[in-house]
Amino acid sequence: MAETSTGNKFYITTPIYYVNGRPHVGHSYTTIAADALARYHRLRGEEVFFVTGTDEHATKVVHAAQAQGLDTREFVDRMAASWQKTWERMHIAYDRFIRTTEAAHVAAVQRVVATLLASGDIYQDEYQGWYCVPCETYFRENELCEGTCPDCHRPVEQVAQPAFFFRTSAYSDRLLAYFEEHPEFIQPETRRREVIAFIEGGLRDACISRQHPGWGITMPEHPEHSVYVWFDALINYLTAVGYPDEQAPTWSWWPPDIQLMGKDILTRFHATIWPAMLMALGLPLPHRLFAHGYWVTDSGDKMSKSRGNVMDPWEVAKDLADLSGATTAVAVDAVRYFLLREVTFGLDGSFSMASLLGRFNADLANDLGNLLNRTLPLLERYREGIIPEPGPGAGGLREAIAQARERVAACLDHVDFRGALEAIWELLAAGNKFVDAREPWRLRREAKQVELDAVLYDLADCLRVVAILVGPFMPVVAEEIWERLGLAGVPPAWKDVEAGRLPAGVRVQVGRPLFPRVDLDRAWQRLEAKQEKTQKVAEDEPKEVAAVTVSYEEFQRLDLRAGKVLEVEKAPGSDKLYRLQIDLGEETPRQVVAGLAENFAPEDIQGKTVVVVANLEPATIRGIRSYGMILAVGEDKPLALVVADQEVPAGSKVR
RNA sequence: CGCGGGGUGGAGCAGUCCGGUAGCUCGCAAGGCUCAUAACCUUGAGGUCGCGGGUUCGAAUCCCGCCCCCGCUACCA
């Protein structure tokens, strides 16, 4: 039987992920870390509630659905299912998958808003500033990027409209006092200091409504407004345990014992607005917020979609399985191991196939796999695969096992996955040393049967402990080792992390190596060949086409026209912007603002016949009205202008 | 004076808060063993801890100044 519950409960969350995106290393990292912690606490016999889910509101979701020709509802259903599929593949055992479009969540959000409206923590005012329609985000003047949305670089609108605000500013002092009293609340320590500095710099009240509802939760009593997605999203942690029904059996989980997230969403959201919201609601705060770091590529670049260098852990695992010959499930566990072992949780780390393969060979194949694969055949050959009685002299690894147990527990209590894994690997090293020191083959030759029994028993016993300890990180691997030791059907439990608890008489199975060593030279050849192939495919068909297609009708909605550039002048107060006057065959030239100044001299543009998006929504950029957009070529900087290669009348249609 | 992170043997990192012989993994070299996936075990080579100054009996660790790299803009955790 599993260890009796200590009566402790453990509520752990990840952020809910935005449905539009596809999962990559970052999301997986948070979720795998949460899963490992959840599994560890279950192993300790605690009642665990592990929640993850999807964030499904915002107008951008509607657009994404349209782009795929789907009903929004159908689109989010599909995307949520795809996230669930990913977690299944990555061996994530969550207890609750929450979606923000669930009726329960909508009700919870409306209850929060109504409560805070009544208490005055949410108030109506007028919002003045810049607004990016597609992003549904407000910006201050100094946040704009060349007068455009800093996120999507599309034009922003100046707006002054009624909106609802959450009185974050009123909570600055209480938040700071709380952080003071609860130094463990925000981790790691550097992040905590960052948050404190951020709050001491002054909090603004957060605008938590949007006027064009689209796809979102309606503000109670103000149906013309919807709740801003971030405010909506944070509440999921409450919804998941039954809020607002405080009689619900699940409500006893509240508050979370730990909430994991990437460092980018700690400061502004999870460590300020979120605790302030809870204070306003009069609810206990989570015990700990833990922000982890970013994964960068081995060349030091941050992984991002726009750079096209993101790693999908599932794809990585499949590659690893392919290169090594391990099963895909084992390869998934290896990726989990890598992510939690390679880098101290909380710091940034670099992800590369080279370091993954390095760890796979050095740690998994050579240390863990090898110990398993030298122990089992010894048992098979010398003892017909039956675990012998320990007998006198057994217990040679008792110390090492006890040490590993204490260190794993201590490290995981501090969310130090790396330290915990290092401790387990020290036990493995002790096991490998033990074989060399005790030389079972020599004992066999010299017919020292009792001593041989003791050594073989200790080795198998050590592996049994390793299987338990490694389970939170590599659940499939742990189960496989468990079964090979003949323990199928026996539930692993923390109390069995102790020397001498392996039952004698069970039958082991040798089996194929779990982690077949990767031949690095061959691996590189194959990876390079694969890369060339994908590059070729990418050249054959522009990559964006595969992702999102637009219908012909949608294309036709763009009014593209040829226009002759009459004037070019630097926009005052800007390094990057030109103000252009363009003849589109209309009564007066069009004024267009374009970010070309860093890469083109005025004379490069003057007199050219360029392509203009003539029906682009007008925008004011750095105080200058812009009535169109010029097409240019270039990933992030304009490298070349799109021009007509023949003389054409100004205003000619481009099609 | 924008903010933050970092500069430690060939590579990647720990140690820096609470000064006291510089540590880990990988790689490299030699040896051992033969149960094992050329894996495992032992030993070794390799560092004036970015630069300069200061405090101290003693500094990678504290103080001052300087240099260099990287984020903070990329709808991404």
Side-chain angles (χ1 to χ4, degrees), chain A residues 14-15 17-18 20-33 58 60 132 134-137 143-146 148-154 189-191 193-194 197-198 201 260-267 291-296 298 300-307 310 324-325 341-344 347-350 352 354-355 358-359 361-382 418-419 422 425-426 428-429 431-444 455-456 459 510 512-519 635-636:
Chain A
T14 75
Y17 305 111
Y18 193 42
N20 270 16
R22 288 218 138 265
H24 65 257
V25 187
H27 305 110
S28 300
Y29 188 41
T30 320
T31 312
I32 289 168
K60 274 195 280 187
C132 175
C135 295
E136 290 184 50
T137 306
E143 291 173 327
L144 298 180
C145 179
E146 296 170 28
T148 63
C149 169
D151 285 342
C152 71
H153 297 285
R154 277 177 283 210
E189 185 61 27
T190 53
R191 294 276 101 73
R193 285 195 291 253
E194 212 171 274
F198 173 74
L260 303 185
M261 72 219 66
K263 63 182 182 181
D264 57 331
I265 55 174
L266 173 77
T267 308
H292 66 247
Y294 284 130
W295 285 96
V296 297
D298 51 346
D301 296 325
K302 188 172 162 182
M303 287 187 203
S304 71
K305 275 185 188 166
S306 54
R307 286 188 175 177
V310 289
S324 67
R341 171 66 195 265
E342 181 74 358
V343 169
T344 303
L347 303 182
D348 290 357
S350 70
S352 68
S355 41
R359 287 245 171 244
N361 277 350
D363 299 354
L364 298 175
N366 296 355
D367 294 340
L368 173 55
N370 190 227
L371 184 60
L372 185 68
N373 271 294
R374 60 199 304 207
T375 301
L376 296 182
L378 283 172
L379 279 159
E380 185 67 39
R381 202 163 318 152
Y382 299 165
R418 179 189 228 194
E422 277 171 359
W425 256 254
E426 266 174 38
L428 284 167
N432 272 317
K433 274 187 196 122
F434 183 77
V435 184
D436 274 48
R438 303 298 274 271
E439 300 174 288
W441 48 91
R442 186 177 54 81
L443 298 175
R444 163 76 165 181
V455 168
L456 294 178
L459 280 172
V510 176
R512 304 281 312 147
L514 273 180
F515 306 103
R517 211 168 191 292
V518 177
D519 179 331
E635 194 66 28
D636 36 36

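Letters A, B, ... are given to chains in the order of the sequence lines, protein chains preceding strands, and every chain is numbered from 1. The figures here come from the full heavy-atom set of this structure, side chains too, leaving out hydrogens, waters and symmetry mates. These numbers come from a predicted model, not from an experiment.
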Check every atom of [options] against the side chain of [X] and return the nucleotide holding the closest atom.
X	options	result
N370(A)	rA77(B), rC35(B), rA39(B)	rA39(B)
K433(A)	rA77(B), rU37(B), rU42(B)	rU42(B)
P377(A)	rC40(B), rC35(B), rA77(B)	rC35(B)
F515(A)	rA36(B), rA77(B), rU37(B)	rU37(B)
D436(A)	rU37(B), rU25(B), rC35(B)	rC35(B)
Y294(A)	rA77(B), rC40(B), rU25(B)	rA77(B)
D367(A)	rC35(B), rC40(B), rU25(B)	rC40(B)
A429(A)	rA77(B), rC41(B), rA36(B)	rC41(B)
R418(A)	rC40(B), rA77(B), rA14(B)	rA14(B)

Consecutive Watson-Crick or G-U pairs in runs of at least 3, all under 3.5 Å, in which RNA chain B is involved: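 Output for stems: B:2-7 with B:67-72, B:10-13 with B:23-26, B:28-32 with B:40-44, B:50-54 with B:62-66.
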Could you give the distance separating [M] and [N] at their [atom1] atoms, to the nearest angstrom?
N	M	atom1	answer
rG46(B)	rG9(B)	P	14 Å
rA38(B)	rU34(B)	C1'	12 Å
rC72(B)	rA11(B)	P	26 Å
rA39(B)	rC28(B)	P	9 Å
rC13(B)	rG32(B)	C1'	30 Å
rG27(B)	rG44(B)	C1'	14 Å
rA14(B)	rA74(B)	P	27 Å
rG19(B)	rG4(B)	C1'	26 Å

Residues that R191(A) engages under salt bridge (Lys or Arg N to Asp or Glu O under 4.0 Å), provided they are two or more places apart: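 Here the qualifying residues are E194(A).
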All salt bridge (Lys or Arg N to Asp or Glu O under 4.0 Å) counterparts of R444(A), not counting sequence neighbours: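 Listed in chain order: nothing, the list is empty.
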Tabulated below should be each protein N or O lying under 3.5 Å from an N or O of nucleotides 27-30 of chain B; please produce it.
none

Among all residues two or more places apart in sequence or in another chain, which pass the side chain to side chain contact (heavy atoms under 4.5 Å, CB included) test with [X]?
X	value
L378(A)	Y382(A), P440(A), L456(A)
D264(A)	Y294(A)
S28(A)	I32(A), W87(A), P313(A)

Should [X] and [Y] count as side-chain neighbours, where that means a heavy-atom distance under 4.5 Å?
X	Y	value
H292(A)	V343(A)	no
L371(A)	V435(A)	yes
F434(A)	V455(A)	yes
F515(A)	N361(A)	no

List the residues meeting side chain to side chain donor-acceptor pair (under 3.5 Å) with [X], not counting sequence neighbours, and say none if there are none.
X	result
N373(A)	none
T375(A)	none
R442(A)	E439(A), E446(A)
E342(A)	R359(A)

First encountered from the 5' end of RNA chain B, between V435(A) and R341(A):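 Looking at RNA chain B, the more 5' nearest nucleotide goes with R341(A).
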Please write out the pairs of protein N or O atoms and N or O atoms of nucleotides 5-10 of chain B separated by less than 3.5 Å, giving the distance to one decimal.
none

